[in-house]
Each structure stands twice: as C-alpha cells, then as structure tokens.
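Notes for the one structure printed next.
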Amino acid sequence: MSRYNAKATEAKWQKVWADAKTFKTDTNSDKQKYYVLEMFPYPSGRIHMGHVRNYTLGDVVARYRRANGFEVLHPMGWDAFGMPAENAAMERKVHPADWTYDNIANMRDQLKQVGFAIDWDREFATCDAEYYGKEQQLFIDFFKNDLVYRKESWVNWDPVDNTVLANEQVIDGKGWRSGADVERRKLSQWFLKITDFADDLLDGLKTLDRWPDKVRLMQENWIGRSEGLKFDFTVDETGEKLPVYTTRPDTIFGASFCAISADHPLALKLAEDNAEMAAFMEECRAGGTTEEAIEKAEKKGFNTGLHVQHPFDPEWKLPIYIANFVLMDYGTGAIFACPAGDQRDLDFARKYDLPVIPVVLPEGEEEAGFTIGDEAYTGPGKMINSRFMDGMAHTDAKAAMIDRAESEGWGERTVNFRLRDWGVSRQRYWGTPIPFVHCDDCGVVPVNSEDLPVKLPEDVSFEKPGNPLEHHPTWKHTKCPSCGKDAVRETDTMDTFMDSSWYFLRFVTPDAEAPFEAGAVNEWLPVNQYIGGVEHAILHLLYARFFTRALNHVGRTDIKEPFEGLFTQGMVNHATYKDTNGDWVFPELVRNREDGTLFRSDNGLEVTEGRIEKMSKSKKNVVDPDDIIDQYGADTARWFVLSDSPPERDLLWTESGIEGAWRFTQRVHRMVLETAKDLPAAGTAVPTDLSDSALQMRKAVHKTIKGITSDIENLHFNKAVARIYEYANAVSAKSEGAGSAEVKREALETLILLISPMMPHLAEEMWKELGHDSLVSEANWPKAIEEFTVDNTVKMAVQVNGKVRDTIEVAKDMPKDEVEAVALASEKVKNFIDDKTIRKVIVVPGRIVNIVAN
RNA sequence: GCCCCUGUGGCGGAAUUGGUAGACGCGCGGGAUUCAAAAUCCCGUUCCCUUACGGGAGUGUCGGUUCGAUUCCGACCGGGGGCACCA
C-alpha cells in the first residue's frame, strides 16, 4: 500500500476548494451567521509557527461552524503600516510599499499552503489607499463629533536623527541608531477622546463573559477608575489655589508635605527664575515615563520653599516639593502626601526628613506604641490622630471626609481614571495621513470628503533623518479646503492601532463605497470568536472597543462591543541550542550522537541544549513552517499545533512531537485504505441488531461524537486530539458478527468527519476513498445518538477511610442503599474494615462510596 | 515597585470543577514481523518495598477546611506575563 503523499494531496484539494469557492461567504445569507476572526498579521515577510497556531485555531472553529450549518465569515487581511517597513527602507533602500506588498505576496502564498477555510476575496491591506481613505473619513467624522482634539504632548526626541522615537527605540536613554541622549520635547499632537468612554468601557467588560478573566482584569486595571476627593490647597505665600486629587482623603491628618509634578504649571513658573529647580525638573523628565520606571526610581524632590495651608488648620503649613513620582497626566498633577499610608511618600519623607504621622491603626495594634518603620501601612484599620474621624474604620472615614468637604463646600467627590486620551499622532511616513490642513486664516481644517483619500506620496526619500512627509518638496503644500488660500497639510500620520480598530468591520463589506455598510455590519457583528495573542490584551482590544463605541456614537453602527468571544492563545516555544563558540544554532542543524550528546551537522561543533524559550530569530530556536509543510504536510503541522498543549498555554515544539503527529496522519490513511474495500456501500444504514463487539464500537462512535463536539465548542482542541487518538484505537479494535461491517463504516466515516476541521486535506482524500463524491468540507457535522452514549452500568470506587480499596460495577440507577450493600459485601473492603466499627457510609451515585470506620 | 497567571511521572499534558490522580501523546524497556533495516503491530512504563499476591508514599513546600483536596482557604518557595510610540 502506498504511503499518503501529503504534499500532492494537499495541493490538489486546495485547488478544488479555490475553484469551487467553497469558503466564499454570502454576506446576505439567510442562514445563522458566525464571524470567526484571528488577529490579522503584520506582513513581516514570512509566517512563523505562531501564525500557524493562531490561524489553525480559528480555522477549526470556522470549519466546525460551517459543518453545523452556519454561514461563516472567516476573512484575512494585513496590518500593513508600521515602523519595520521604514526601517527596511532605511537599511536596504527599498520603498516601504514595495517591501510591504512583497511580504504580503509571500505570506499569502504561505498561508494558502496551510489550507485555511478563508474567503480570500475579502482580503485587503491597511496600507491600501482604498482602506486608509475610509479611515480618514472616520477620523473626520470623529472630529466633527468632538472626539478628536489637539494638544501639546511630550515625545522622545532624538536630536541627532531629528526624529521622534518610540519607547522601544530608546535604549538606556539613548537613541537606538544615533546613540544620542534622548530629549523630551513637546509637540502639538492629535488625540482621541477615549476618556469620554472610560466608564462605559469599564462597564462593558462585565458583559464580555466569553473573554478571559485575565484580559478583562488587565483592561480594568488599565482604565484604573478611582473615587476620591478633589480640593484646593491655598498656597500660603501667594494665596494661589493648588488643586489636588486624593483617593485617601481619610489620611489628611497624616499629611506632611505636598508634591507637584515637574510638568505642573506652578513648577514651570517657579523654574523660570530658578536654574537649579529647572535642572531638577529636566532630570525628572529625562527619567523613564513608564510606570515601572517611575515606581522603581529613587524618590527625589526639590523643595520649592512654598507652603500650603492644611484645609483644617490654616496655621498648619505643608511644604511644597516638586517630586519625580508625580505625574502631570494623572489627577491634577499635585498631591498631598501621607507618608504613613503610602510607600512612595514614606520613602520621600525619610529622605527629606519630613514628619510621619500614623493615621490608620491596623487591627491588633495598640495606638500607644504604634509607629511606622520602613514600611507604610496601606491596609485597613481604625483612624487615629485624625480629630473627628478618630475611631472610624478607614473606609468610613474616607466617605465621611468627602461628605464633609462637599457640605462645607471646599471639595468635591471626584471619579478619576488612570486611562489617558489616545495620542494618535506619529511623525512618520508609513501610516495613514491625518486628513487635515493648516491654514493661517481658518486654522486646522478637515480635508473635504470628496478629496479623500489623502494619499501618501510615493516619491519619498529616507536619506534625510526625520519625517519624509515633512521634507517632501511638494506634498504638503495645498489649498485650504475652507477658504482656498495656500495652506499646509498635516504631516503626522496615524498610530497603526487606528488601522486595526475597525478592520473587522471592513471585512463584512470589503467593497463598500462607505467605510462599511451599517446594515450588514449590524447583522454580522460582534465577532463571535476573536482569536489572537495575549500581547494585545490591552491596547489593541481596548482601542477597538473604544472605536466601536465611537462609531456607534457618531451614528454609523448599532453595536457597542466588537468582540463577543475572545480567545488568547499561547506562544510557540522551542529549546535553544548553543555551540562551543557560543553561537546560537538552528534546531535543524542539531544532531544526536549515540551517547546522547549533540553536535552541529554543518561543522561538527559540540552543541549544548539550553532553556526552552519563545521561538525567536535572535536565538535561532525557530522552525520554519515551510520546511515542516514540505516535509510532513500542512495537516500534520495543524494536527501538532492543536495537540499536546491547551491552546491558551504555550506550546512546546519538538521534533518527536511533529513526528508523532505525522505517524497519525499515516495511520488514518492506512486505516481507511486497508478497510475501505471491505465496507458496505456509502449510505448503508446500520442495522438495529448488533453483536456485542459491534455495539461496543457503535457506543465508542457516539460517545466520541459527543465528546469531540463539546471539546471543540469549548476550544479544548488538545482534549479533542487525545480523544481522537483513543477513538482511533477503538475503531482499530476487532469487531465481528451482526452489523459489524456497517458499524465499521459508520466508525470510519465519523473519524474522518471529526478530524476534518483539523486535518481538512487528509479528511477530503479519505472521504473520497470511502466512496463519497461530495466534499467533506460541505458535509454536516455528525450527530451523537443519545442512546449509544450512555451505559447501563457504572464503575464505582469503594473507599475505606478515603483510600480506594475496591471497585464495583453496579446498575446506573441502583438506589443508594443497594449500592452501599454491594460495597459492604466486597471481600477486599471487609478486610480493611476488619474489626473496626463503621461510623458512616457516604454514597455519591455514579461516583464513589466512602466507608468511614475506626 | 504594583498587578496578574502558573507549578501534576523522564517530557507535553488529562482528571466530568470536591469523588478511583497520571487519560492521550512523546520518550524509554521488552516482544512480534524482517536475511537485516525502515515502517508497522503487541505488552510494560509515577516512585519505593515484594519473585508474585499485595502494601506504602505521592499533584512545588508547610499548615487548614472536609467522610474525601490536583481542585477550596492561609503562608512560603520556584517559573512566567503586563505596566501607555513594537505590533
């Protein structure tokens, strides 16, 4: 018997599907709709195993839903704008567009080889003017609805390359290319008012019950809603107001200083004639801006010499410091500090020798001896040293303080968010141009919609540092859309997260004149199952949720949430290898010696195996999907990425694992070919009279259908794979007598149907081998016949004092007392009860009997 | 620093969510087939004691709740992730 030729067979069926447009979606179908989407890829050049895993997961869902009668939308596109294309342009002198479209062509070919059930007719790239022109339209819509504004904002500035750097391009405070010290600069930039939706984005999380809890929690923390008190201090020396926000108004009598951000207006004003202070503020700005950097940095301050009056005692003066841990973006950019109740404040107070007054007494502590050492106390407790709040629980004190401030009129209850508005300006070429014009007379004016898209100029140079749009000779010179006078185009382009915030809408009606057709979008959205990496848990998913709300707000859709179900898959890992020179070695070059040591096949150097890590080019622990498909076929690769690990966890890629998967594809092929000729014709009914072994097999068939169906519904693909292995063993078992041939056919056909979402090419080939003229991709998902999924008897463990001593097989519906009698009758059990007295017998029907004796 | 996740044989992982721990796969050992190999098939495989029959221990560590804990609670130890211009 010939072996299964995966390569030829897979190409054959891919052509059949493509020619027949098997996976084309009818947007206006009457069938129940199901939208399954994997996060679209960045066209980096070649697909990697992470892509194979991601798109295979989605493909199983898509094919499974199709088989269950849904009209499935499963599209593919390209997240095609972004920095790597510009880097390639600089390094290799290729145009970003050429580089990107070449990469797309490559990756499209690669993806098609894996045999995904995708409607390729809907494909687009976000760098198509056709796409980003619509995005510009939406941006102008948002502008007209007051969701877009401009403000000054800080950027990382590379003074040598004359360019704005992304955080990842700043390494130890230096520009990644120039090595120059990075400066912070203020630029006028475009923002989207995501904060308008902060409460709604938070509330919406509660409705997303098919999202991982982890992702919802991350978003919740990101939005960071807090309730507190906002009030004005009075600056003692000047009488000015200094607004502060605090989430701990209960600790106000523990206040020992006031801290303001280095970007605070008061600080800026004071620094005008204080060079030392200005230098300190510069130093604050030079530090990292990430939360981590701020939290880890040493707490430093600069005494302004000014004071504020305590709100409850005008004679009580608190010094005002400029501090490096206070952010201008959060709250009012000014805080009062209670060192006893906040670690940062405490570190600061110790450093500058400021008072530390405990105000919250932990339970079990005596007020008399209680002091704060090196650790602030942030937990619950009773108020002390706090006048009218003394004795209250700290939470009650917080409410009482806010109430008092409000009734006395000097402060107000305030909800604050950590979430900041979304800065979408990028000073780069390869992105969606922001469709605005700067006119001396009319100000900032949107481009007229009939003039969209504002296309990127093609003749650009990356020789000069900085934004190519900025120094293009003609592109930015235009006429004002409003008054017609000479004017200048905006040269900022949009954050690529804009592009990925609505692509899932465009897929529904990819040829629409408008960005999308609302009617169809309202029918198809939200996406029923969205699948992608957890690295997008916050930004992409939050921006997409915001964008969807914004579109709803401007009247373009009826939907609020874009993704009903979310699944975040794990990474693909592989062992790392290093040779004796300390160079990383590709796994394909590593060979085994008899004694278990490793060497390089190309130069014979000794190799040691290192840690298991995420596949990455830098460590060379990568396996190229093309090589795997070439060697084993796409089905084997698909089968392997589905097996072994739960999809939400990391997958360990191993040579032996992929070989195991390959053996199974061969096994299925062999099982069908060896047996097909002896089977009754396709469509033969299974008789009701069955021999014992035939009945046994039929039960396995229907139990398996039931199990696999539930596994796939719950995305437990690794369990489905394990169950199919078990099932294959059952189908291979001998069965003879009445009905055995008919059951064998049913069993084999079921096997093929069940693997068809996972190994579609093999399934197609075997379906034909079993005598079918139709495509298995068009076949219905098998239905379990309930009567064959249940057994009349059940095996139960019998424990004595919690230890299993025997198992009994009893009728499924046997009453408890009878089960107990059977259990007690067991010789083995009797031996263990011995002369002990039976105190209690617990019978859990169908599960266990536990006899407690002593 | 803060927040979150995770820990089960030699390995990846199952365990109907409080009810027989180790399904299934990989690896390993033994056997069959073969002139031989590849491929394939069968048997065994948590650890310790025992020829066997059996018995004991066991889900990172230490406690707790329970008739019963991989599962729930507390503390600790190890590994991983996120923290605003990478996408």
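All chains are named by letter (A, B, ...) in the order of the sequence lines, taking the proteins before the strands, and each is independently numbered beginning at 1.
Within the model, atoms CE of A:M759 and NE2 of A:H669 stand 12.0 Å from one another, a figure rounded to the nearest 0.5 Å.
For the C1' atoms, the distance linking B:G7 with B:G58 amounts to 15 Å, nearest Å. Taking atom C1' on both nucleotides, B:G13 is separated from B:U65 by 29 Å, rounded to a whole Å. When the C1' atom is used for both B:U70 and B:U61, the distance is 15 Å, rounded to whole Å. Atom name C1', nucleotides B:G74 and B:G1: the rounded distance is 24 Å, in whole Å. Taking atom P on both B:U45 and B:A23, the two are 10 Å apart, rounded to the nearest angstrom. Nucleotides B:G44 and B:G60 are separated by 28 Å at their P atoms, to the nearest Å. Atom C1' of B:C42 sits at a distance of 23 Å from the matching atom of B:U46, rounded to the whole Å. With P as the reference atom, B:C4 and B:A57 are 37 Å apart, rounded to whole Å.
A residue-by-residue look at A:N221 and A:M571 shows that A:N221 has its nearest nucleotide of RNA chain B further toward the 5' end. Along RNA chain B, the nucleotide closest to A:K214 and the one closest to A:N850 are compared, and the more 5′ of them pairs with A:K214.
Counting any heavy atom pair closer than 4.0 Å across all strands shown, A:I538 reaches sugar-phosphate atoms only and no base atom. Among the protein residues, A:F497 comes within range of the nucleic acid bases, having at least one heavy atom under 4.0 Å from a base atom. Here A:E535 lies in heavy-atom contact (under 4.0 Å) with a base. Counting any heavy atom pair closer than 4.0 Å across all strands shown, A:R805 reaches sugar-phosphate atoms only and no base atom. When heavy atoms are screened at a 4.0 angstrom cut-off, A:V844 is found touching base atoms of the nucleic acid. Within 4.0 Å (heavy atoms only), A:P41 reaches no atom of the nucleic acid at all. Looking at heavy-atom distances under 4.0 Å, A:Q189 makes contact with a base. Nucleic acid contact class of A:Y543 (heavy atoms, under 4.0 Å, all strands): none. If you check every strand for non-hydrogen atoms under 4.0 Å, A:H536 touches a base. In this structure, A:I842 reaches the bases: a heavy-atom distance under 4.0 Å links it to at least one base atom across the strands shown. Residue contacts for A:S643: at a heavy-atom cut-off of 4.0 Å it reaches no nucleic acid atom on any strand shown.
Residues passing the salt bridge (Lys or Arg N to Asp or Glu O under 4.0 Å) test with A:R150 are A:E490, sequence neighbours excluded.
The CD atom of A:E648 sits 8 Å away from the P atom of B:A14 (whole-angstrom rounding). Rounded to whole angstrom, the span from the CG atom of A:D650 across to the P atom of B:G12 amounts to 12 Å. For the pair A:R847 CZ and B:G18 C1', the computed distance is 10 Å after rounding to whole Å. Straight-line distance from the CZ atom of A:R418 to the P atom of B:C2: 15 Å, rounded to whole Å. What separates CG of A:N714 from P of B:U17 is a distance of 12 Å, to the nearest Å. Straight-line distance from the NZ atom of A:K795 to the P atom of B:A15: 20 Å, rounded to whole Å. In this structure, CZ of A:R839 is placed 15 Å from P of B:G68, rounded to the nearest angstrom. Remark: C1' of B:G19 and CE of A:M796 are 9 Å apart, rounded to the nearest angstrom.
Between the side chains of A:Y131 and A:W502, at least one donor-acceptor pair of N or O atoms lies under 3.5 Å. Counting only N and O atoms by type, the side chains of A:S44 and A:N103 include no donor and acceptor under 3.5 Å apart. Side-chain N/O atoms of A:S826 and A:D806 include a donor and acceptor closer than 3.5 Å. Between A:Q427 and A:Q189, the side chains place a donor N or O and an acceptor N or O closer than 3.5 Å (distance only, hydrogens not considered).
For B:G9, the base adopts the syn conformation, since its glycosidic angle falls within 90 degrees of zero. More than 90° away from 0 lies the glycosidic angle of B:U20, which makes this nucleotide anti.
Across the strands present, B:A37 finds no partner; the criterion is a Watson-Crick or G-U wobble pair with both atom distances under 3.5 angstrom. Searching all strands for a Watson-Crick or G-U wobble partner of B:C47 with both distances below 3.5 Å returns B:G56. Pairing of B:G10, defined by two Watson-Crick or G-U wobble distances under 3.5 Å, is identified with B:C26. In this structure B:U61 sits in a base pair with B:A75, meeting the Watson-Crick or G-U test at under 3.5 Å.
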Write down the protein N/O and nucleotide N/O pairs, taken from nucleotides 22-26 of chain B, whose separation is under 3.5 Å; answer none if there are no such pairs.
from  : atom 1 : to     : atom 2 : distance (Å)
B:A23 : O2'    : A:E726 : OE2    : 3.2
B:C26 : OP1    : A:R663 : NH2    : 3.0
B:C26 : O2'    : A:S656 : OG     : 2.9

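Here side chain to side chain donor-acceptor pair (under 3.5 Å) pairs that include residues 646-658 of chain A, with residues two or more places apart or in two chains, are A:N573-A:D650, A:Y632-A:E655.
Figure legend: cation-pi geometry between A:R805 and A:F832, with NZ or CZ positioned under 6.0 Å from the six-membered ring centre and within 45° of its axis.
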**Item:** ring-ring contact (aromatic ring centres under 6.0 Å, His included) assessment of A:F191 paired with A:W422
**Value:** CA-CA 5 Å; A:F191 284 81; A:W422 177 12; over 10 Å; no

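In this structure, A:F497 and A:H536 have perpendicular ring planes: the angle between them is above 60°, well past the 30° mark.
At B:G79, none of the side-chain N or O atoms of A:R649 fall inside 4.0 Å of OP1 or OP2 (strictly under the cut-off). OP1 or OP2 of B:A57 sits under 4.0 Å from a side-chain N or O of A:K803.
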